[in-house]
2 protein chains.
Amino acid sequence: MSLRHALLGLLSEGPASGYDLLKLFEKSLANVWPATQSQLYGELGRLADAGLITVQSEGARGRKEYAVTDAGREELRHWLLNVKPTPIRRYDMLLRVFFFGQISADDAIAYLREQQQAAEAEAERLAEVGKMIEPHQDNFTVYGRLALEWGLRSNRLHQEWAEWAIGEVRAHDPAANTEPCDPS
Amino acid sequence: MSLRHALLGLLSEGPASGYDLLKLFEKSLANVWPATQSQLYGELGRLADAGLITVQSEGARGRKEYAVTDAGREELRHWLLNVKPTPIRRYDMLLRVFFFGQISADDAIAYLREQQQAAEAEAERLAEVGKMIEPHQDNFTVYGRLALEWGLRSNRLHQEWAEWAIGEVRAHDPAANTEPCDPS
DNA sequence: CTCTGACGTTCCAGTAGTGACATGTCGAAG
DNA sequence: CTTCGACATGTCACTACTGGAACGTCAGAG
(Lines give C-alpha, C1' and ligand atoms only; values in the text may rest on other atoms or scores of the structure.)
Protein backbone atom coordinates (compact mmCIF):
# COMPACT_ATOMS: atom_id res chain seq x y z
CA MET A 1 0.00 0.00 0.00
CA SER A 2 2.99 2.32 -0.23
CA LEU A 3 2.38 3.49 -3.77
CA ARG A 4 -0.65 5.29 -2.42
CA HIS A 5 1.49 7.28 -0.06
CA ALA A 6 4.22 7.82 -2.59
CA LEU A 7 1.67 9.57 -4.78
CA LEU A 8 0.24 11.56 -1.91
CA GLY A 9 3.78 12.60 -1.05
CA LEU A 10 4.56 13.76 -4.56
CA LEU A 11 1.32 15.68 -4.80
CA SER A 12 1.90 17.28 -1.43
CA GLU A 13 4.49 19.55 -3.07
CA GLY A 14 1.99 20.73 -5.66
CA PRO A 15 -0.67 19.55 -8.11
CA ALA A 16 0.28 17.36 -11.06
CA SER A 17 -1.16 15.02 -13.68
CA GLY A 18 -0.65 11.29 -13.86
CA TYR A 19 1.84 11.84 -16.61
CA ASP A 20 3.78 14.39 -14.58
CA LEU A 21 3.84 12.03 -11.65
CA LEU A 22 5.06 9.22 -13.83
CA LYS A 23 8.05 11.30 -14.96
CA LEU A 24 8.75 12.50 -11.45
CA PHE A 25 8.58 8.95 -10.23
CA GLU A 26 11.14 7.65 -12.68
CA LYS A 27 13.62 10.28 -11.62
CA SER A 28 13.31 9.92 -7.89
CA LEU A 29 11.10 7.50 -6.05
CA ALA A 30 11.55 4.67 -8.53
CA ASN A 31 14.90 4.07 -6.82
CA VAL A 32 13.20 3.11 -3.59
CA TRP A 33 9.74 2.14 -4.81
CA PRO A 34 9.30 1.19 -8.47
CA ALA A 35 5.86 1.34 -10.05
CA THR A 36 4.51 0.85 -13.53
CA GLN A 37 2.34 3.27 -15.42
CA SER A 38 -0.74 1.09 -15.13
CA GLN A 39 -0.32 0.82 -11.42
CA LEU A 40 0.08 4.53 -11.06
CA TYR A 41 -3.02 5.52 -13.02
CA GLY A 42 -5.02 2.86 -11.27
CA GLU A 43 -3.95 4.10 -7.88
CA LEU A 44 -4.75 7.70 -8.78
CA GLY A 45 -8.28 6.63 -9.60
CA ARG A 46 -8.65 4.80 -6.30
CA LEU A 47 -7.13 7.72 -4.42
CA ALA A 48 -9.68 10.06 -6.00
CA ASP A 49 -12.52 7.66 -5.17
CA ALA A 50 -11.34 7.64 -1.56
CA GLY A 51 -11.39 11.43 -1.47
CA LEU A 52 -7.68 11.74 -0.69
CA ILE A 53 -7.05 13.66 -3.90
CA THR A 54 -9.30 15.57 -6.32
CA VAL A 55 -9.19 16.52 -9.96
CA GLN A 56 -8.32 20.17 -9.71
CA SER A 57 -8.64 20.96 -13.40
CA GLU A 58 -8.82 19.21 -16.74
CA GLY A 59 -6.51 20.38 -19.49
CA ALA A 60 -5.79 19.49 -23.08
CA ARG A 61 -5.51 15.85 -24.22
CA GLY A 62 -7.68 14.67 -21.37
CA ARG A 63 -5.06 15.77 -18.88
CA LYS A 64 -6.33 15.68 -15.32
CA GLU A 65 -4.50 17.69 -12.76
CA TYR A 66 -4.74 16.19 -9.31
CA ALA A 67 -4.34 17.95 -5.97
CA VAL A 68 -4.20 16.55 -2.43
CA THR A 69 -7.19 17.13 -0.18
CA ASP A 70 -6.99 17.77 3.54
CA ALA A 71 -7.93 14.15 4.13
CA GLY A 72 -5.05 13.15 1.85
CA ARG A 73 -2.58 15.32 3.70
CA GLU A 74 -3.78 13.83 6.95
CA GLU A 75 -3.38 10.31 5.60
CA LEU A 76 0.15 11.08 4.45
CA ARG A 77 1.10 12.50 7.84
CA HIS A 78 -0.36 9.50 9.56
CA TRP A 79 1.60 7.15 7.35
CA LEU A 80 4.82 9.09 7.87
CA LEU A 81 4.57 9.26 11.63
CA ASN A 82 2.56 6.29 12.80
CA VAL A 83 2.92 3.45 10.32
CA LYS A 84 5.97 1.31 10.93
CA PRO A 85 8.02 0.62 7.82
CA THR A 86 7.98 -3.03 6.83
CA PRO A 87 11.49 -4.45 6.86
CA ILE A 88 12.42 -6.17 3.62
CA ARG A 89 13.90 -9.56 3.62
CA ARG A 90 13.57 -10.91 0.15
CA TYR A 91 16.89 -11.38 -1.53
CA ASP A 92 17.03 -13.98 -4.23
CA MET A 93 20.72 -13.17 -4.39
CA LEU A 94 21.16 -14.52 -0.86
CA LEU A 95 18.74 -17.36 -1.44
CA ARG A 96 21.11 -18.79 -4.02
CA VAL A 97 23.92 -18.67 -1.50
CA PHE A 98 22.13 -21.23 0.66
CA PHE A 99 22.41 -23.72 -2.18
CA PHE A 100 26.10 -23.34 -2.87
CA GLY A 101 26.40 -26.98 -1.84
CA GLN A 102 24.81 -27.87 -5.17
CA ILE A 103 27.52 -26.27 -7.30
CA SER A 104 31.31 -26.31 -7.34
CA ALA A 105 33.37 -23.88 -5.27
CA ASP A 106 34.61 -22.35 -8.52
CA ASP A 107 31.06 -21.73 -9.68
CA ALA A 108 30.16 -20.25 -6.31
CA ILE A 109 33.11 -17.89 -6.50
CA ALA A 110 32.18 -16.92 -10.04
CA TYR A 111 28.69 -16.14 -8.81
CA LEU A 112 30.02 -13.91 -6.05
CA ARG A 113 32.34 -12.13 -8.46
CA GLU A 114 29.38 -11.43 -10.67
CA GLN A 115 27.62 -9.88 -7.71
CA GLN A 116 30.61 -7.68 -7.16
CA GLN A 117 30.55 -6.53 -10.75
CA ALA A 118 26.84 -5.86 -10.58
CA ALA A 119 27.51 -3.72 -7.52
CA GLU A 120 30.18 -1.79 -9.40
CA ALA A 121 27.75 -1.08 -12.22
CA GLU A 122 25.17 0.03 -9.69
CA ALA A 123 27.74 2.31 -8.07
CA GLU A 124 28.21 4.06 -11.40
CA ARG A 125 24.49 4.44 -11.83
CA LEU A 126 24.20 5.99 -8.38
CA ALA A 127 27.05 8.37 -9.15
CA GLU A 128 25.09 9.44 -12.25
CA VAL A 129 22.02 10.08 -10.15
CA GLY A 130 24.13 12.12 -7.76
CA LYS A 131 25.44 14.26 -10.58
CA MET A 132 21.98 14.75 -12.03
CA ILE A 133 20.45 16.02 -8.80
CA GLU A 134 23.45 18.08 -7.78
CA PRO A 135 22.10 21.51 -8.78
CA HIS A 136 18.63 21.03 -7.29
CA GLN A 137 17.57 22.15 -3.86
CA ASP A 138 13.89 21.25 -3.67
CA ASN A 139 12.56 19.17 -0.79
CA PHE A 140 12.62 15.85 -2.65
CA THR A 141 16.19 16.38 -3.75
CA VAL A 142 17.44 17.49 -0.35
CA TYR A 143 15.91 14.54 1.46
CA GLY A 144 16.40 12.23 -1.49
CA ARG A 145 20.12 12.69 -0.95
CA LEU A 146 19.73 10.87 2.37
CA ALA A 147 18.31 7.94 0.45
CA LEU A 148 21.08 8.19 -2.12
CA GLU A 149 23.67 7.96 0.62
CA TRP A 150 21.96 4.83 1.83
CA GLY A 151 22.31 3.41 -1.67
CA LEU A 152 26.00 4.24 -1.82
CA ARG A 153 26.70 2.65 1.54
CA SER A 154 24.60 -0.35 0.68
CA ASN A 155 26.55 -0.76 -2.47
CA ARG A 156 29.86 -0.69 -0.69
CA LEU A 157 28.52 -3.30 1.70
CA HIS A 158 27.54 -5.50 -1.20
CA GLN A 159 31.02 -5.38 -2.66
CA GLU A 160 32.85 -5.93 0.59
CA TRP A 161 30.60 -8.78 1.59
CA ALA A 162 31.14 -10.52 -1.74
CA GLU A 163 34.89 -10.18 -1.31
CA TRP A 164 34.68 -11.65 2.17
CA ALA A 165 32.37 -14.45 1.06
CA ILE A 166 34.80 -15.44 -1.69
CA GLY A 167 37.45 -15.80 0.99
CA GLU A 168 35.13 -17.97 3.06
CA VAL A 169 34.31 -20.24 0.15
CA ARG A 170 38.02 -20.61 -0.59
CA ALA A 171 38.79 -21.40 3.01
CA HIS A 172 36.09 -24.06 2.89
CA ASP A 173 37.49 -25.61 -0.29
CA PRO A 174 41.19 -24.74 -0.67
CA ALA A 175 41.25 -26.52 -4.06
CA ALA A 176 39.25 -23.67 -5.61
CA ASN A 177 40.95 -21.45 -8.13
CA THR A 178 42.79 -18.49 -6.77
CA GLU A 179 43.16 -16.86 -10.17
CA PRO A 180 39.88 -17.42 -11.99
CA CYS A 181 41.45 -16.54 -15.38
CA ASP A 182 44.54 -18.67 -14.94
CA PRO A 183 43.74 -22.13 -13.58
CA SER A 184 47.38 -23.16 -14.28
CA MET B 1 9.39 -17.29 -9.11
CA SER B 2 12.04 -17.85 -6.49
CA LEU B 3 9.93 -19.88 -4.11
CA ARG B 4 10.00 -22.63 -6.72
CA HIS B 5 13.76 -22.75 -6.57
CA ALA B 6 13.87 -22.38 -2.83
CA LEU B 7 11.83 -25.58 -2.58
CA LEU B 8 13.94 -27.36 -5.16
CA GLY B 9 16.98 -26.31 -3.20
CA LEU B 10 15.64 -27.63 0.08
CA LEU B 11 14.61 -30.90 -1.51
CA SER B 12 17.98 -31.27 -3.18
CA GLU B 13 19.43 -32.24 0.18
CA GLY B 14 16.88 -34.99 0.65
CA PRO B 15 13.18 -35.83 0.37
CA ALA B 16 10.66 -34.15 2.65
CA SER B 17 6.97 -33.44 3.08
CA GLY B 18 5.30 -30.07 2.75
CA TYR B 19 5.12 -29.89 6.48
CA ASP B 20 8.82 -30.66 6.87
CA LEU B 21 9.66 -28.02 4.30
CA LEU B 22 7.51 -25.49 6.07
CA LYS B 23 9.44 -26.02 9.30
CA LEU B 24 12.78 -25.97 7.53
CA PHE B 25 11.77 -22.79 5.78
CA GLU B 26 10.93 -20.94 8.94
CA LYS B 27 14.30 -21.71 10.40
CA SER B 28 16.44 -20.78 7.45
CA LEU B 29 15.24 -19.45 4.15
CA ALA B 30 12.46 -17.33 5.63
CA ASN B 31 15.18 -14.83 6.50
CA VAL B 32 15.90 -14.17 2.86
CA TRP B 33 12.67 -15.30 1.23
CA PRO B 34 9.55 -15.49 3.37
CA ALA B 35 6.63 -17.64 2.26
CA THR B 36 3.35 -18.62 3.77
CA GLN B 37 2.04 -22.12 4.17
CA SER B 38 -0.57 -21.76 1.46
CA GLN B 39 2.00 -20.53 -1.00
CA LEU B 40 4.30 -23.40 -0.19
CA TYR B 41 1.76 -26.17 -0.64
CA GLY B 42 0.48 -24.55 -3.80
CA GLU B 43 3.95 -24.38 -5.27
CA LEU B 44 4.65 -28.01 -4.37
CA GLY B 45 1.61 -29.02 -6.37
CA ARG B 46 2.72 -26.98 -9.37
CA LEU B 47 6.25 -28.29 -9.07
CA ALA B 48 4.92 -31.85 -9.14
CA ASP B 49 2.70 -31.07 -12.14
CA ALA B 50 5.75 -29.71 -13.94
CA GLY B 51 7.66 -32.92 -13.23
CA LEU B 52 10.40 -31.18 -11.26
CA ILE B 53 9.54 -33.15 -8.14
CA THR B 54 7.61 -36.38 -7.49
CA VAL B 55 5.68 -37.88 -4.63
CA GLN B 56 8.15 -40.48 -3.44
CA SER B 57 5.89 -42.06 -0.86
CA GLU B 58 2.71 -41.37 1.05
CA GLY B 59 2.78 -41.81 4.79
CA ALA B 60 0.38 -41.50 7.67
CA ARG B 61 -2.02 -38.55 7.92
CA GLY B 62 -1.96 -37.97 4.20
CA ARG B 63 1.71 -37.09 4.36
CA LYS B 64 3.32 -36.90 0.93
CA GLU B 65 7.05 -37.14 0.76
CA TYR B 66 8.47 -35.26 -2.20
CA ALA B 67 11.77 -35.85 -3.94
CA VAL B 68 13.53 -33.88 -6.66
CA THR B 69 13.65 -35.39 -10.15
CA ASP B 70 16.56 -35.05 -12.55
CA ALA B 71 14.65 -32.32 -14.35
CA GLY B 72 14.26 -30.52 -11.04
CA ARG B 73 17.93 -30.76 -10.24
CA GLU B 74 18.72 -29.43 -13.69
CA GLU B 75 16.30 -26.54 -13.22
CA LEU B 76 17.89 -25.67 -9.87
CA ARG B 77 21.36 -25.71 -11.38
CA HIS B 78 20.24 -23.52 -14.22
CA TRP B 79 18.70 -21.03 -11.83
CA LEU B 80 21.79 -20.97 -9.66
CA LEU B 81 24.25 -20.44 -12.48
CA ASN B 82 22.44 -18.69 -15.28
CA VAL B 83 19.59 -16.63 -13.86
CA LYS B 84 20.64 -13.18 -12.72
CA PRO B 85 19.39 -12.25 -9.26
CA THR B 86 16.91 -9.39 -9.37
CA PRO B 87 18.17 -6.44 -7.35
CA ILE B 88 15.70 -5.22 -4.76
CA ARG B 89 14.82 -1.64 -4.53
CA ARG B 90 11.67 -1.38 -2.53
CA TYR B 91 12.20 0.30 0.78
CA ASP B 92 9.21 2.00 2.25
CA MET B 93 11.55 3.10 5.02
CA LEU B 94 13.49 5.21 2.49
CA LEU B 95 10.34 6.27 0.70
CA ARG B 96 9.25 8.10 3.83
CA VAL B 97 12.56 9.92 3.93
CA PHE B 98 11.73 11.66 0.65
CA PHE B 99 8.78 13.29 2.35
CA PHE B 100 10.56 14.65 5.38
CA GLY B 101 9.61 18.10 4.09
CA GLN B 102 6.07 17.35 5.23
CA ILE B 103 6.97 16.90 8.89
CA SER B 104 9.05 18.78 11.41
CA ALA B 105 12.77 18.20 11.82
CA ASP B 106 12.06 16.82 15.28
CA ASP B 107 9.61 14.30 13.89
CA ALA B 108 12.08 13.35 11.19
CA ILE B 109 14.77 12.75 13.78
CA ALA B 110 12.37 10.73 15.90
CA TYR B 111 11.61 8.60 12.86
CA LEU B 112 15.29 7.97 12.24
CA ARG B 113 15.86 7.09 15.88
CA GLU B 114 13.07 4.57 15.65
CA GLN B 115 14.82 3.04 12.68
CA GLN B 116 17.95 2.76 14.73
CA GLN B 117 16.10 1.01 17.50
CA ALA B 118 14.47 -1.35 15.04
CA ALA B 119 17.93 -2.17 13.76
CA GLU B 120 19.13 -2.89 17.27
CA ALA B 121 16.25 -5.28 17.84
CA GLU B 122 17.02 -6.96 14.53
CA ALA B 123 20.66 -7.28 15.57
CA GLU B 124 19.55 -9.21 18.64
CA ARG B 125 17.39 -11.47 16.54
CA LEU B 126 20.29 -12.18 14.20
CA ALA B 127 22.54 -12.94 17.16
CA GLU B 128 19.91 -15.46 18.30
CA VAL B 129 19.90 -17.08 14.89
CA GLY B 130 23.68 -17.25 15.01
CA LYS B 131 23.59 -19.00 18.37
CA MET B 132 20.93 -21.43 17.19
CA ILE B 133 22.84 -22.58 14.14
CA GLU B 134 26.21 -22.60 15.84
CA PRO B 135 26.47 -26.38 16.38
CA HIS B 136 25.28 -27.38 12.92
CA GLN B 137 27.55 -28.13 10.00
CA ASP B 138 25.17 -29.16 7.23
CA ASN B 139 25.30 -27.46 3.84
CA PHE B 140 22.48 -25.03 4.51
CA THR B 141 24.00 -23.93 7.77
CA VAL B 142 27.51 -23.55 6.40
CA TYR B 143 26.42 -21.43 3.47
CA GLY B 144 23.59 -19.85 5.40
CA ARG B 145 26.27 -18.29 7.59
CA LEU B 146 27.35 -16.25 4.58
CA ALA B 147 23.83 -14.88 4.37
CA LEU B 148 23.81 -14.26 8.12
CA GLU B 149 26.97 -12.22 7.83
CA TRP B 150 25.27 -10.17 5.16
CA GLY B 151 22.44 -9.54 7.60
CA LEU B 152 24.82 -8.45 10.33
CA ARG B 153 26.66 -6.06 8.06
CA SER B 154 23.43 -4.75 6.64
CA ASN B 155 22.22 -4.08 10.12
CA ARG B 156 25.31 -2.14 11.04
CA LEU B 157 24.85 -0.10 7.89
CA HIS B 158 21.29 0.64 8.86
CA GLN B 159 22.33 1.97 12.26
CA GLU B 160 25.26 4.02 11.03
CA TRP B 161 23.24 5.52 8.22
CA ALA B 162 20.47 6.56 10.61
CA GLU B 163 23.03 8.21 12.87
CA TRP B 164 24.50 10.08 9.92
CA ALA B 165 21.08 11.07 8.59
CA ILE B 166 20.12 12.53 11.96
CA GLY B 167 23.22 14.70 11.72
CA GLU B 168 22.21 15.84 8.25
CA VAL B 169 18.70 16.74 9.31
CA ARG B 170 20.10 18.71 12.24
CA ALA B 171 22.54 20.53 9.98
CA HIS B 172 19.65 21.40 7.72
CA ASP B 173 17.55 22.74 10.60
CA PRO B 174 19.77 23.75 13.51
CA ALA B 175 16.69 24.58 15.58
CA ALA B 176 15.95 20.86 15.97
CA ASN B 177 16.35 19.30 19.37
CA THR B 178 19.76 18.04 20.26
CA GLU B 179 18.53 16.21 23.33
CA PRO B 180 15.20 14.65 22.38
CA CYS B 181 14.26 14.13 26.04
CA ASP B 182 15.26 17.58 27.23
CA PRO B 183 13.99 20.34 24.93
CA SER B 184 15.04 22.96 27.54
C1' DC C 1 -11.17 -42.88 27.16
C1' DT C 2 -10.87 -38.34 26.04
C1' DC C 3 -8.55 -34.37 25.12
C1' DT C 4 -4.82 -31.75 23.41
C1' DG C 5 -1.26 -30.50 20.56
C1' DA C 6 1.59 -31.52 16.86
C1' DC C 7 1.17 -33.33 12.26
C1' DG C 8 -0.55 -32.67 7.68
C1' DT C 9 -3.09 -30.96 3.53
C1' DT C 10 -6.32 -28.08 0.73
C1' DC C 11 -8.92 -24.15 -0.71
C1' DC C 12 -10.24 -19.45 -1.21
C1' DA C 13 -10.93 -14.44 -1.56
C1' DG C 14 -8.38 -10.44 -1.84
C1' DT C 15 -4.39 -7.27 -2.94
C1' DA C 16 -0.20 -5.72 -5.28
C1' DG C 17 2.53 -5.73 -9.02
C1' DT C 18 3.92 -6.82 -14.12
C1' DG C 19 3.93 -6.12 -18.96
C1' DA C 20 1.62 -5.32 -22.89
C1' DC C 21 -1.80 -3.35 -25.56
C1' DA C 22 -5.26 0.16 -27.07
C1' DT C 23 -6.51 4.73 -27.87
C1' DG C 24 -6.23 9.28 -28.77
C1' DT C 25 -4.29 14.54 -28.87
C1' DC C 26 -1.26 18.11 -29.86
C1' DG C 27 2.85 20.86 -31.59
C1' DA C 28 6.62 21.25 -34.48
C1' DA C 29 9.57 19.95 -38.19
C1' DG C 30 10.03 18.92 -42.91
C1' DC D 1 -0.12 18.44 -45.09
C1' DT D 2 1.83 14.70 -43.15
C1' DT D 3 4.36 12.51 -39.87
C1' DC D 4 6.67 11.93 -35.66
C1' DG D 5 7.52 12.24 -30.91
C1' DA D 6 5.93 13.79 -26.58
C1' DC D 7 1.73 14.07 -24.03
C1' DA D 8 -1.99 11.56 -21.77
C1' DT D 9 -5.08 7.96 -20.06
C1' DG D 10 -7.19 3.51 -19.65
C1' DT D 11 -7.68 -1.65 -19.61
C1' DC D 12 -6.59 -6.54 -19.45
C1' DA D 13 -4.68 -11.01 -18.26
C1' DC D 14 -1.44 -12.90 -15.44
C1' DT D 15 1.51 -14.00 -11.40
C1' DA D 16 2.96 -13.64 -6.55
C1' DC D 17 1.81 -13.13 -2.15
C1' DT D 18 -1.26 -12.64 2.16
C1' DG D 19 -4.17 -14.27 5.68
C1' DG D 20 -7.39 -17.15 7.17
C1' DA D 21 -10.51 -20.99 7.37
C1' DA D 22 -11.50 -25.72 7.08
C1' DC D 23 -10.66 -30.42 7.56
C1' DG D 24 -8.75 -34.61 9.23
C1' DT D 25 -5.03 -37.86 11.80
C1' DC D 26 -2.23 -39.63 15.22
C1' DA D 27 0.45 -40.13 19.76
C1' DG D 28 0.70 -39.37 24.35
C1' DA D 29 -0.80 -37.36 28.88
C1' DG D 30 -4.08 -37.50 32.40
Side-chain angles (χ1 to χ4, degrees), chain A residues 1-8 10-11 15-27 29-50 53-66 79 83 85-92 95, chain B residues 1-8 10-11 15-27 29-50 53-66 79 83 85-92 95:
Chain A
M1 284 269 297
S2 286
L3 176 59
R4 247 200 137 87
H5 301 101
L7 291 175
L8 285 174
L10 286 179
L11 284 171
S17 70
Y19 192 82
D20 294 339
L21 293 168
L22 194 60
K23 297 292 147 164
L24 245 178
F25 227 86
E26 281 166 12
K27 286 179 192 154
L29 304 190
N31 285 297
V32 299
W33 198 271
T36 58
Q37 174 255 41
S38 49
Q39 225 192 321
L40 199 147
Y41 279 110
E43 195 60 48
L44 280 174
R46 260 167 276 142
L47 235 18
D49 287 347
I53 61 177
T54 46
V55 179
Q56 202 189 35
S57 66
E58 305 208 16
R61 287 176 265 202
R63 175 190 170 94
K64 292 181 194 168
E65 196 153 67
Y66 290 100
W79 176 74
V83 180
T86 56
I88 333 99
R89 31 165 115 174
R90 214 166 224 139
Y91 304 94
D92 68 343
L95 184 55
Chain B
M1 286 265 298
S2 286
L3 177 58
R4 246 196 137 86
H5 301 101
L7 291 175
L8 285 174
L10 285 180
L11 283 171
S17 69
Y19 192 83
D20 294 339
L21 292 168
L22 196 59
K23 297 292 148 164
L24 244 178
F25 226 87
E26 280 165 13
K27 286 182 192 153
L29 304 189
N31 285 296
V32 298
W33 199 273
T36 57
Q37 173 254 43
S38 46
Q39 225 193 322
L40 200 149
Y41 278 109
E43 195 60 48
L44 280 174
R46 261 166 275 140
L47 235 18
D49 287 347
I53 62 177
T54 46
V55 179
Q56 202 189 36
S57 66
E58 305 207 15
R61 285 175 267 203
R63 174 190 172 95
K64 293 181 193 169
E65 195 152 69
Y66 290 99
W79 175 76
V83 180
T86 57
I88 333 97
R89 31 164 114 174
R90 215 165 223 142
Y91 303 94
D92 68 342
L95 184 55

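The sequence lines fix the lettering, A, B, ..., with proteins before strands; numbering per chain opens at 1.
Atom-to-atom, CE of A/M1 to C1' of D/dT18 comes out at 14 Å; the value is rounded to the nearest Å. Between the CD atom of A/E43 and the P atom of C/dG17 there is a distance of 8 Å, rounded to whole Å. Separating the CG atom of A/L47 from the P atom of C/dA16 is a distance of 12 Å, rounded to the nearest angstrom. Atom pair B/L40:CG and D/dG19:C1' shows a separation of 15 Å (rounding to whole Å applied). Atom pair B/Y41:OH and C/dT10:P shows a separation of 8 Å (rounding to whole Å applied). Atom NZ in B/K23 sits roughly 11 Å away from atom C1' in C/dG5 (whole-Å rounding). A/Q39 places its CD atom 16 Å from the P atom of D/dA16, with the value rounded to the nearest Å. For the pair B/L7 CG and C/dT9 P, the computed distance is 13 Å after rounding to whole Å.
Residue contacts shown for A/R4 are absent, as no nucleic acid heavy atom lies under 4.0 Å away.
Proximity note for A/S17 (side chain, C-beta onward) versus D/dG10, D/dA8, C/dA16: the nearest is D/dA8. Comparing D/dT18, C/dG8, D/dA8 by their closest approach to the side chain of A/R61 singles out D/dA8.
DNA chain D is contacted by both A/G42 and B/A35; A/G42 maps to the nucleotide lying nearer its 5′ end (nearest heavy atom per residue). If you find the closest nucleotide of DNA chain C to A/A60 and to A/R46, the one lying nearer the 5' end belongs to A/R46. Comparing A/G62 and B/Q37 against DNA chain C, the residue whose closest nucleotide sits nearer the 5' end is B/Q37.
A distance of 12.0 Å separates CG in B/D92 from CG in A/L3, rounded to the nearest 0.5 Å. The distance from the OH atom of A/Y66 to the CG atom of A/L44 is 5.0 Å, given to the nearest 0.5 Å.
In this model, the phosphate group of C/dT10 is approached by a side-chain N or O of B/K64 to a distance below 4.0 Å at OP1 or OP2. For D/dT18, the OP1/OP2 oxygens have a side-chain nitrogen or oxygen of A/R90 closer than 4.0 Å. The shortest distance between the side-chain N/O atoms of A/Y19 and the OP1/OP2 oxygens of D/dC7 is below 4.0 Å.
Judged by distance alone, with hydrogens and angles left aside, the side-chain atoms of A/R90 form a donor-acceptor pair with the main-chain N or O of B/P34 at under 3.5 Å.
Side chain B/S38 to base D/dG19: a donor-acceptor pair is found below 3.5 Å.
When all heavy atoms are compared, the tightest approach of B/R46 to B/E43 is NH1-OE1, 2.9 Å. The heavy-atom pair separating A/Y91 from B/W33 by the smallest distance is N-CE3, 4.0 Å.
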